[in-house]
Amino acid sequence: MSPDKLVYMANQIGKFFAHQGEAKAAAGIADHIAKFWDPRMRAAIQAHVASGGAGLDPPVLQAVQSLKPSDRGRPRPHSPGA
């Protein structure tokens with residue numbers, strides 16, 4: 001998947017969480033990406049951020065930067081009620 005498409009998708013997720021304020025939004029975005037994005041997509045968006053992160057909205061950039069290496073390599077377990 002192209003970096004442009006991943007940036008678009010990540011920013012759309014960011015818009016969904018925007019009403020929560022930047023700090024909470026970043027946490028929600030990171031959680032969504034860790035839970036629902038394929039490991040290859042997570043690795044690609046991390047690589048995009050490593051090369052500057054052009055086009056990512058600030059809370060999205062913060063969210064992607066906050067992902068741990070384990071978040072990039074495998075999905076998080078689903079929590080009941082989440």
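Both backbone and side-chain heavy atoms feed into the values below; hydrogens, waters and symmetry mates do not.
- In terms of heavy-atom proximity, I29 sits nearest to G14 at CD1-CA, 3.5 Å.
- Taking 4.0 Å as the cut-off between side-chain N and carboxylate O, D38 and R42 do not count as a salt-bridged pair.
- For L6, the side chain to side chain contact (heavy atoms under 4.5 Å, CB included) partners at least two apart in sequence or on another chain are M1, W37, M41, A44, I45.
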Show every donor-acceptor pair shorter than 3.5 Å between a side-chain atom in residues 48-62 and any protein atom, with sequence neighbours excluded, or say none if there are none.
| residue | atom | partner | partner atom | Å |
| --- | --- | --- | --- | --- |
| H48 | NE2 | A54 | N | 3.4 |
| H48 | NE2 | A54 | O | 2.8 |
| S51 | OG | A47 | O | 3.4 |
| S51 | OG | H48 | O | 2.9 |

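- Ring geometry for H19 against F16 counts as perpendicular: the plane angle is over 60°, on a 0 to 90° scale with 30° as the lower cut.
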